[in-house]
Participant: 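Encoded as structure tokens, here's the structure I'll be asking about.
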Number of protein chains: 2
Amino acid sequence: MPDVGAPSDAVEALREGALKQSRAHQWVEELTDAAGPRLAGSPGDAAGVAWAVAKMQALGLEKVRAEKVSVTHWTRGVESGEVLSPTHHQLALTALGGSVPTPRGGIEAEVIEVSSIEDLQHRSRAQVEGKIVFFNAAMQPDKSGKDYGRLNPIRGNGAVESAKLGAVGMVMRSLATSKARFPHTGMMRYQENVAKIPAAALAVPDAELLQRLAANTPLRIRLTLGCGALPNAESANVIGEVRGREAPKEIVLLGAHLDSWDLGTGALDDGAGVGVVLEAARLISLVRPHPRRTIRVVLFANEEHGLEGSKSYAAEHQSELALHAVGLEIDAGTGRVYGMTYLAGANAPSILEDIARPLLPLGIPKPVQALHHGADLIPLRQAGVPMAHLQQDGTHYFDFHHSADDTFDKIQPADLAQVVAATAVLAYGVAEAGSRLEPIPETQRGLPK
Amino acid sequence: MPDVGAPSDAVEALREGALKQSRAHQWVEELTDAAGPRLAGSPGDAAGVAWAVAKMQALGLEKVRAEKVSVTHWTRGVESGEVLSPTHHQLALTALGGSVPTPRGGIEAEVIEVSSIEDLQHRSRAQVEGKIVFFNAAMQPDKSGKDYGRLNPIRGNGAVESAKLGAVGMVMRSLATSKARFPHTGMMRYQENVAKIPAAALAVPDAELLQRLAANTPLRIRLTLGCGALPNAESANVIGEVRGREAPKEIVLLGAHLDSWDLGTGALDDGAGVGVVLEAARLISLVRPHPRRTIRVVLFANEEHGLEGSKSYAAEHQSELALHAVGLEIDAGTGRVYGMTYLAGANAPSILEDIARPLLPLGIPKPVQALHHGADLIPLRQAGVPMAHLQQDGTHYFDFHHSADDTFDKIQPADLAQVVAATAVLAYGVAEAGSRLEPIPETQRGLPK
């Protein structure tokens, strides 16, 4: 990237440079080939941290460091499922992240099918006790991925709600928009004083099989999970910067998460985001002069299974949070950006409309205020840090998300280049803007109900 | 189906009745839900035979019987693969059907990548000895599925050719047209006096991973297969008929195969064919009067792993083969029929053009002479039995074929109804035609080189 003179020239050059020469897909390839799956605390997670530190250094970022984070450590082990009656079938299923194991020989029980947590809560204890609850709700594909928000409380809370009625296990139709026979994992939670029961996700074809079989006759299944919790492990947030020329202590945070679930190699979730923010920072680092403020890339530890990297970052950098000019996280796969949202103080619309004007040629209309942002930014939002968000086309994201099929071949380099272009334009714009965005009003810092 | 009077009315009624009311998809659902995977000799295979006998009886077919067949019996067992260096990865792979096992702890070796059997044969023994040969050839999707024919010699003969040069194992990129992370199995062969080495197929993303890793550095992998051969088991060809009104000993054979590979439930391969031929026979059985000749449905045993059902059928029914008016097998999944081919004597074009005219509204042009036909018909062709074939759109067939993802949800009921319509029209037409097709000329009965 040459010395491009005026900031508006820099923005154009960043955008066009990203579209033509983005290497984001290459960083995803390198990360996934070097480290494979990166479940928090696993050898792959450590390999991911080592790769990221070396890559940031190789790309010429400054102040590269790995800031230690203590992470939840859970392992999967063997897992299997079987229909025992009315006919025998092997089931494609996988433990939800955080699940307790079954006894070694598994648990056998009759299945009770429900369509939602509300449906379950209308059942009597006599109907549920001693059974395995089967949550059978189908996710619809959508650009915004909104069905994931609607249905993921089943994954998070389904086991607890089932146990409250005496269930001995919980299985669910995967949160997936494809009928490919992959089970999709993801985090679940237990609750104090509620029995911890094993929980698993079924591949969509297997959920549909259970639905058909259960329609005609009582259904018994066996569920065997060898997963379990280990003592916390050490991981790290990996951080590197492009130092600002005038206000280096003011920080434009470009985030992604370095960890992944263990079934695939986390190319989409969130290798793609890692590739995008590294590449956006690399391209900005080549602009002369650098923007006024510092661009800080933060590759968060363990987003998937506890958000511990982001919590640790907010705690460790508390004194700096007031100097964070914006937080932006890329964590939605390989889909093109179709919109921009923000959450900040009263001066945000005028500042961001100017900054976002160069996004129009990328097909991204005028930004709108909304609560969207990456999960790792929750602690920053609670501190009032202005949030920006690029909405990526999620129509196919949940075909692969959290499954063994989340692998590098699913990355679309040209689409990812568009995400890099948008990210670089937005980050450079906030870093160079004459005024800082005002913080999020206190009333908007909490999580929505 | 009412008494429809003239044969031409019957044909129209069959075609339109099939399009509107086909229950073929329902038979696939029932078969796959009742029996699951149906690998020859497995409990699912026996369940499939029991289901088929009961279903033929329930549909009102005549002379329903299970004719015993001794089948190759092979089981899969545990299987896994790992990249050991340059970095660690778990590989999604599956044993090829018929493979010998590895020692319990697996085999570890360096990988040598080749693009074809010819490529392998140009390597020196020193290059191959002690290594695992990795056949890396990508299959392209196509309506005709022709790449399967081009590449399946790798699956069939790759292990033998590798062993001839001293390899200790063989892995191959799955014969698959999707990048979904499923390995696709299928039959392989050994050769007397050549060492039997274990053989497996890699999911496409894993083959692409090996390709990337092998491009830069020597690659070592571990392959662990617990599969193995057992003594032959008992299975059966399941047969039922619609008795012809004038020449009941003359037979229109409608074939499909009842067995499947063990990874999925064989809904496409060949539950779909089973559903189609049962439904076509059911619809024809409702026509009054019945056609002149007998419609015989034959659900062959163990097409996948030895063609033993079809060999047994040809041997057991040798005295009848001269009375077989035509052989037609449906074994290509759920895709619509786009063409018809045949192989028979000199009078075939004029007879079949008349019979095929009612296929035109289904989008099926005038039939052409060609060597296509179902694998189970090979022994009949060798005996000169006239062959007809309906070409189904195979663009997506090899996305699922021989993988865990071959499940009922992949069936497209409306497309399958069109296949039923074409099958019923063709079968009825041959069964009712004034003249018999002459046998295949001697020179065309052999397998093409």
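Lettering of chains follows the sequences in order, A, B, ..., and the numbering in each one begins at 1.
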Participant: Heavy-atom cut-off 4.5 Å, strictly under: side chain, backbone, both or neither for A/Phe182 against chain B?
Facilitator: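 Answer is both: backbone and side chain atoms of A/Phe182 are under 4.5 Å from chain B.
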
Participant: When you check the side-chain N and O atoms of A/Asp406 and A/His401, is any donor under 3.5 Å from an acceptor?
Facilitator: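 No donor-acceptor contact under 3.5 Å links the two side chains.
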
Participant: Contact between A/His184 and A/Val204 at the side-chain level, heavy atoms closer than 4.5 Å - yes or no?
Facilitator: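 A side-chain contact under 4.5 Å is absent here.
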
Participant: Side chain, backbone, both or neither: which part of A/Gln90 has an atom under 4.5 Å from a heavy atom of chain B?
Facilitator: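 Neither part; nothing is under 4.5 Å.
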
Participant: Would you kindly say whether B/Glu82 and B/His89 are connected by a side-chain donor-acceptor distance under 3.5 Å?
Facilitator: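 Absent: no donor and acceptor within the cut-off.
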
Participant: Taking atom types as modelled, find out whether A/Arg76 and A/Thr94 have a side-chain donor-acceptor pair closer than 3.5 angstrom.
Facilitator: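 Distance-only check passes for A/Arg76 and A/Thr94.
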
Participant: Taking B/Gly335's backbone N and O only, do any of them form a donor-acceptor pair with B/Gln392's side chain (distance below 3.5 Å, no angle check)?
Facilitator: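 Yes.
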
Participant: Counting only heavy atoms closer than 4.5 Å, note whether A/Leu210 contacts chain B via side chain, backbone, both or neither.
Facilitator: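 Interface part for A/Leu210: neither.
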
Participant: Between chain B and each of A/Leu213, A/Asp405, A/Thr87, count heavy-atom pairs under 4.5 Å; write down the option with the most.
Facilitator: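 Maximum pair count with chain B is reached by A/Asp405.
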
Participant: Based on non-hydrogen pairs under 4.5 Å, which of A/Arg212, A/Glu208, A/Lys179 is most in contact with chain B?
Facilitator: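 Of A/Arg212, A/Glu208, A/Lys179, A/Arg212 has the most heavy-atom pairs under 4.5 Å with chain B.
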
